[in-house]
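In what follows, every chain begins at residue 1, and chains take the letters A, B, ... in the order their sequences are listed.
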Amino acid sequence: MHIPTFSTSDDPGPDFANLLRTQGLSPAVPEGPVAAAGAIPHGTTVVAIRYADGVVMAGDRRATSGNFISHRSIEKVFPADRWSGVAIAGAAGPAMEMVKLFQLQLEHYEKVEGQALSLEGKANQLSQMVRNHLPAAMQGLAVVPLFAGYDTRRGVGRLFQYDVTGGRYEENDYATSGSGGLHAATVVKLGFADGLDRAATVDLALKALMTAADEDSATGGPDPVRGIWPVIATIDADGFTRLADTELAERFAALTEGPNA
Amino acid sequence: MSMPFYVAPEQVMKDRADYARKGIARGRSLVATVCTEGIVICAENPSSTLRKVSEIYDRIGFAGVGKYNEFDQLRISGVRAADLKGYSFSREDVDARSLANQYAQILGQVFTHEMKPLEVEILVVEVGAGPDDDQLFHLLYDGTVIDESGSAVLGGDAEAVAERLGAALPDAPDLGAALNAAVGALAGPDRTLGSADLEVAVLERDAPRRAFRRLADAEVASLLGAAG
């Protein structure tokens, strides 16, 4: 590795993706449909819900290749930086790469510029990355993320969903993505109220994922036998915090054993 | 065709070194010290937006004195090199020593081949698991690398500041003691420096990932007040 140097005219600025391009490190776009190479792992259901203090993000743990389960404990919800998170659905490989690049992009910008991007700016960055990914999506590698964060300038949680072309849509209350997203969205819609507290919102996210797993074979439900729980995180004034598995196990037990089970 | 005058290489190098040293001496000094909590870097800098101290990577920090645009360009290059290396390999493969060597290459190259040397002195530090594992690489305008132990002083009045720092710094200082010694050394006997004149950052030993943290004026003031 060497220190890259640039003349003023071709300096990539704080853009890490641009820097990668100058170094020839951008991923290549497949020239034909990827299906020719066999089934590849796909990640499925993710949910984001706004609550009183910020946003809850949740994702199941299953990845499927065609009708096979390729991973039982994949993670689909990641911190993007301290104040925001990204959840992914779609082709698992490119999705992971996109998350890694997005995390680096935000950190790189913050370090080069000396201050972090606004939440809006981060959402826009992700939109551009999804759009740049469109040629690969056309070959069967679609990635459709959710982005949510705590807007430190406004003091509220905000969430964004995307389409495969990079279209960015800010949602007020909740958003879902992935094959079980439709079922999860129904559950969230029925249970959502303005200003829910953290516990109620986490339960709602858990219920949404459990319902999605009931209806959609590509979504994995909580697995108490193997101890595999969804990834659920809160993003509030304290930043991104992933919930411990022990808490999720207790909530799952309460949800399934209680009178409303 | 006119022949250029012959100038001895010794003279050329000496002139360049003098030029660089003069440029650096015009700026204010900077101190970095190892403490129990990590590495504290303290610069005399009345501006709160044009930084001398900044983050390169998870456990690596950067500080520069001299010409702002020159060391800032070096800082950005360092961030790029570190992020590219972490992206291509792994985050744990990014280290201060290799970065310092690359900086030395650039500084040495410019010093011998360009019209004008870079009028900067920079410091690349990496916080380790314990105070003995901390690394402080001090780089001079000509590419010389100095592996400092315990503390480093950069800038014009470095010798006098280093002497005062050595006298004031206790063994195994905590953050407050290290900062007070650093500020006292920067100020000298005839001045006092307040939090508004200082830019302070810490690389925190116990941080889970990104160790670099700037201290706000209020926090600096309370640390200076507590021990002083």
Side-chain angles (χ1 to χ4, degrees), chain A residues 1-28 78-85 93-94 96-117 125 129 152 233 238-242 244, chain B residues 47-58 60-62 68-70 72-91 93-95 97-110 114 118 122 124 139 143 199 201 207-210 212-214:
Chain A
M1 285 322 265
H2 66 290
I3 290 193
T5 45
F6 302 96
S7 66
T8 7
S9 55
D10 58 19
D11 191 287
D15 185 350
F16 187 71
N18 204 357
L19 176 65
L20 282 182
R21 270 190 289 280
T22 67
Q23 305 296 304
L25 286 170
S26 291
F78 304 90
D81 65 359
R82 198 177 155 201
W83 308 106
S84 62
M96 297 294 183
E97 173 70 15
M98 189 181 287
V99 169
K100 181 179 167 189
L101 203 53
F102 184 52
Q103 290 170 326
L104 262 169
Q105 177 83 313
L106 300 188
E107 183 186 326
H108 189 72
Y109 181 96
E110 186 184 331
K111 289 192 291 197
V112 171
E113 289 291 301
Q115 66 178 30
L117 274 169
Q125 269 295 324
M129 294 176 77
T152 48
D238 295 329
F240 184 101
T241 317
R242 182 173 165 177
Chain B
S47 167
S48 61
T49 42
L50 302 178
R51 310 283 198 190
K52 293 183 174 180
V53 186
S54 40
E55 173 184 17
I56 293 270
Y57 211 64
D58 292 351
I60 304 176
F62 175 96
Y68 174 78
N69 69 321
E70 292 181 348
D72 197 55
Q73 206 52 49
L74 288 173
R75 172 187 74 85
I76 293 174
S77 306
V79 170
R80 285 181 180 147
D83 277 349
L84 278 173
K85 192 173 180 187
Y87 173 81
S88 303
F89 304 114
S90 125
R91 294 197 82 91
D93 295 318
V94 181
D95 63 329
R97 186 191 50 81
S98 118
L99 195 61
N101 282 333
Q102 294 175 64
Y103 275 135
Q105 293 274 335
I106 292 184
L107 288 163
Q109 182 81 9
V110 173
E114 304 281 329
L118 293 170
I122 60 175
V124 181
L139 290 112
E199 179 187 348
R209 194 165 76 82
R210 288 171 74 180
F212 185 88
R213 184 169 73 87
R214 289 186 191 286

Taking only Lys NZ, Arg NE, NH1 and NH2, and the carboxylate oxygens of Asp or Glu, determine whether A/Asp81 and B/Arg210 approach each other closer than 4.0 Å.
-> no
Does CZ belonging to B/Arg91 count more than 12 external heavy atoms closer than 6.0 Å?
-> yes
Segment of B/Arg75 engaging chain A (4.5 angstrom heavy-atom cut-off) | side chain
Among B/Gln105, B/Gln73, B/Glu55, B/Arg80, who wins on heavy-atom pairs under 4.5 Å with chain A?
-> B/Arg80
Nearest heavy-atom contact between A/Leu101 and B/Tyr87 is CD1-CE1, 3.8 Å
Rounded distance [0.5 Å steps], CG in A/Asp11 versus OG in B/Ser77 = 8.5 Å
Contact class of A/Gln23 relative to chain B, heavy atoms under 4.5 angstrom = side chain
Kindly say whether B/Ser54 contributes a backbone atom to a donor-acceptor pair with the side chain of A/Lys111 at under 3.5 angstrom?
-> no
So which part of A/Gln103 gets closer than 4.5 Å to some heavy atom of chain B, the side chain, the backbone, both or neither?
-> neither
B/Asp83, B/Val79, B/Ile76: which one forms the most heavy-atom pairs within less than 4.5 Å of chain A?
-> B/Asp83
Can you say whether B/Asp58 sits under 4.5 Å from chain A via the side chain, the backbone, both, or neither, judging by heavy atoms?
-> side chain
Chain A heavy atoms under 4.5 Å from B/Ile106: which part of the residue, side chain, backbone, both or neither?
-> side chain
B/Phe212 versus chain A, heavy atoms under 4.5 Å apart: side chain, backbone, both or neither?
-> neither
Of all the heavy-atom pairs spanning A/Phe16 and B/Leu84, show the shortest one and how long it is.
-> CE1-N, 4.0 Å
